[in-house]
Every structure is written in C-alpha cells, then in structure tokens.
Amino acid sequence: MTPAIRIGPLVIPSEFAVLLVAAAVGLLAARLLNRQRSEANELSTALWRAMLVGLLVARLGFVWQYREHYLPDPIKILDLRDGGWAGLAGLAAAWGYVLFAAVRRHAPRAALLGAAALASVVWVGGGRWLAPTPQAQPELAALAVQRIDGAPAALSAFHGKPTVINLWASWCPPCRREMPAFAKAQATNPDVNFVFLNQGEAPPDVAQFLAQHAPALRNVLLDPAGEASRKLSNRGLPATLFLDAQGRLVDLRVGELSTASLAQRLEAIQKADGG
C-alpha cells in the first residue's frame, strides 16, 4: 500500500489516515453497540478522552526516549509534524483510561469495551498492513538518476550498508526544515549511507541551493523526472526511504523528520542490519 494518500493537493501520510479510520470505527461501533441511548454522550466522551490520553502519552513517551534531541530546544516537543510517537505506550494508556471509565464512570461498559477493542484492532492491523515487508524495490533499481554534473549514477552503488534515501526539492518548506537534521545525521553516522535524491529540479538550481543552505551534504543525486516520489510516495514530499544493507526497503516515511524521529528510524535499520 502507498505510504501516502493524495486528495487533490493534500497528501496525507497513511499512518495518520489509519488513526482517523480507527477513531471513526470506534465511534461508529459505540453507536451500534450502545443500547442505552440516554448514555450516548458519556460513551462518546469516554472514547474521545481515551484517544486524547493515548496520543498525549504516546508523544510524551517518545519525547522521553529521545529527550537528548529535545533538551536544546524544548519547544520542538510541540511540533507533531515529525511523526514521533511511542505507539504501544499510547495504546496502553488509552486502554487504561477505557478501563477506568468502564469501572468508575457511567458509560455503558459493553459498548465502551467493544468500541475500544474494534478501534484498537483497526489501528494495530492497519499499522501492520502498512509496514513494508523487507524486499528489493524494482522501482529503485530502475531509476535513471544522475549526479549534479550530469554523469549517470546508480542507487545500487550504496548497497553494503544501511541506506537512507531522502526525496526532496528546494521549493518544499518541510524538506528545507529537515535538512539540518539529515546533515547532522550524515556527519555522525558513518556506518549508514545517506543519499539526497532531488525530485525534478534543474542541476543549476540544486547546486545553488546546496551552496547556500547545505554545503556539507554528500551523495546528492538528481531524479530529473521525479519518478521516485511518483512511484513510492504518491508525489508526497519530503519522503524518506530506509533500506537495509542488502538494499531492501524496510521503512518509508512521508513527511518531515526531526533529529529525534530520524534517530528512531536509524536505530531500527541499524538493529535490523546487525540482526
């Protein structure tokens, strides 16, 4: 399944779409399972509160785990665009509130527990469905990429180490915002290949942007037709591909990454390579 859903000019990461679907399923199930219509408000309130508690704990759990990335600038904790969540901690917290509401509140227990269970199944199942099975990507192997000087290049040259391929463009604000995080990661992770694959821009424009904003970046390549974003992220930018040492795609993130959420994914591909 594509990691992003395009609705007109809007590109929605699929994991966020799954969360919205899970919430909708939970609320619909609550309506269908609730036989005591007089308590409908208490039921929907309990479900909304459980979701908010879960989201809050999921975010705080992630922030605590990668706190060294947030301590220099704590305001970044509020920037949820980086996709940094501790999902299992959030799910446990949501269920903790559901059980509390079932015991102490006036919400109908059967309807509340049933709705929460269905929402959880949709969220967990959707996440597993979206998770890419590690496998070679023929789309990547077939890409006609080149260096800024026009010389041909091949992504297969980066096999042998875990590899991160960032799809970006200079006109894309979140691409520009996440560039310092990638520059820092490239400098501090010599055991990982970082490739910056520009999507559809002319070589002079790319060279000028790099000279002004990211002169230290290495392995900058061009995808003149923007084929990578078209085939792999529904043209959503920025998009970042995480490959193991054999060149198999193990994760794909559409949207901005922070130093913390990038560190989380780097740990995952490095562990997978070591295992």
Side-chain angles (χ1 to χ4, degrees), residues 1-8 10-37 39-65 77-133 233-234 236 239-240 242 250-258 260-261 264-265 268:
M1 181 178 180
T2 177
I5 298 171
R6 176 175 286 275
I7 304 175
L10 183 64
V11 178
I12 303 174
S14 295
E15 62 267 22
F16 182 64
V18 168
L19 178 62
L20 294 179
V21 171
V25 167
L27 292 172
L28 178 60
R31 279 181 168 272
L32 296 176
L33 295 173
N34 183 26
R35 299 181 181 277
Q36 301 174 354
R37 301 300 176 185
E39 297 180 354
N41 289 338
E42 290 83 354
L43 180 57
S44 61
T45 298
L47 287 172
W48 278 112
R49 287 179 177 174
M51 185 175 69
L52 291 175
V53 167
L55 290 173
L56 178 61
V57 170
R59 180 60 176 177
L60 292 178
F62 176 83
V63 168
W64 176 255
Q65 185 177 359
I77 294 173
L78 302 177
D79 189 354
L80 307 181
R81 295 171 297 185
D82 67 356
W85 306 91
L88 292 180
L91 183 62
W95 266 100
Y97 185 85
V98 165
L99 296 175
F100 167 78
V103 173
R104 301 294 297 274
R105 301 286 182 179
H106 297 294
R109 293 182 181 179
L112 178 60
L113 295 174
L118 284 173
S120 299
V121 168
V122 170
W123 183 75
V124 174
R128 291 185 178 277
W129 181 40
L130 290 174
T133 302
S233 67
N234 208 356
T240 307
F242 296 86
V250 296
D251 194 6
L252 199 167
R253 158 76 179 168
V254 177
E256 185 176 345
L257 288 164
S258 65
S261 53
Q264 179 191 40
R265 287 165 168 80

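Distance check, rounded to the nearest 0.5 Å: CZ of R49 to CG of L52 gives 9.5 Å. In this structure, CD in Q264 is found 8.5 Å from CG in D251, a value given to the nearest 0.5 Å. Put simply, CG on L55 and CG on L19 are 6.0 Å apart, with the number rounded to the nearest 0.5 Å. Atom CG of residue L80 and atom CD of residue E256 lie 11.5 Å apart, to the nearest 0.5 angstrom. Rounding to the nearest 0.5 Å places CG of L113 at 11.0 Å from CG of L118.
Here the closest heavy-atom approach between residue A102 and residue R109 is recorded as O-NE, 2.7 Å. Residues L252 and V254 share a closest heavy-atom pair of CD2-CG2, 3.8 Å. Between P108 and N34, the closest heavy-atom pair is CG-OD1, 3.3 Å. The two residues A119 and G26 make their nearest non-hydrogen contact at CB-CA, 4.0 Å. A pairwise comparison of heavy atoms in V122 and A22 identifies CG1-CA, 3.8 Å as the closest pair. Scanning both residues, A30 and A115, for their nearest heavy atoms gives N-CB, 3.8 Å.
The main-chain N or O of I77 is found under 3.5 Å from a side-chain atom of R59 such that the two form a donor-acceptor pair. Distance alone, capped at 3.5 Å, is enough to place a donor-acceptor pair between the S261 side chain and the D82 backbone.
For S120, the side chain to side chain donor-acceptor pair (under 3.5 Å) partners at least two apart in sequence or on another chain are W95. The side chain to side chain donor-acceptor pair (under 3.5 Å) search around W85 returns none, not counting sequence neighbours.
Within the structure, salt bridge (Lys or Arg N to Asp or Glu O under 4.0 Å) contacts touching residues 12-28 (residues at least two apart or in different chains) are E15-R253.
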message: side chain to side chain contact (heavy atoms under 4.5 Å, CB included) for W123 and V25? Distances and angles first, verdict last.
response: CA-CA 10 Å; W123 183 75; V25 167; over 6 Å; no

message: Determine whether R265 and L257 satisfy the following criterion, side chain to side chain contact (heavy atoms under 4.5 Å, CB included), listing intermediate values before the conclusion.
response: CA-CA 10 Å; R265 287 165 168 80; L257 288 164; 3.9 Å; yes

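Annotation: side chain of V124 is in contact with side chain of R128 (closest heavy-atom distance under 4.5 Å).
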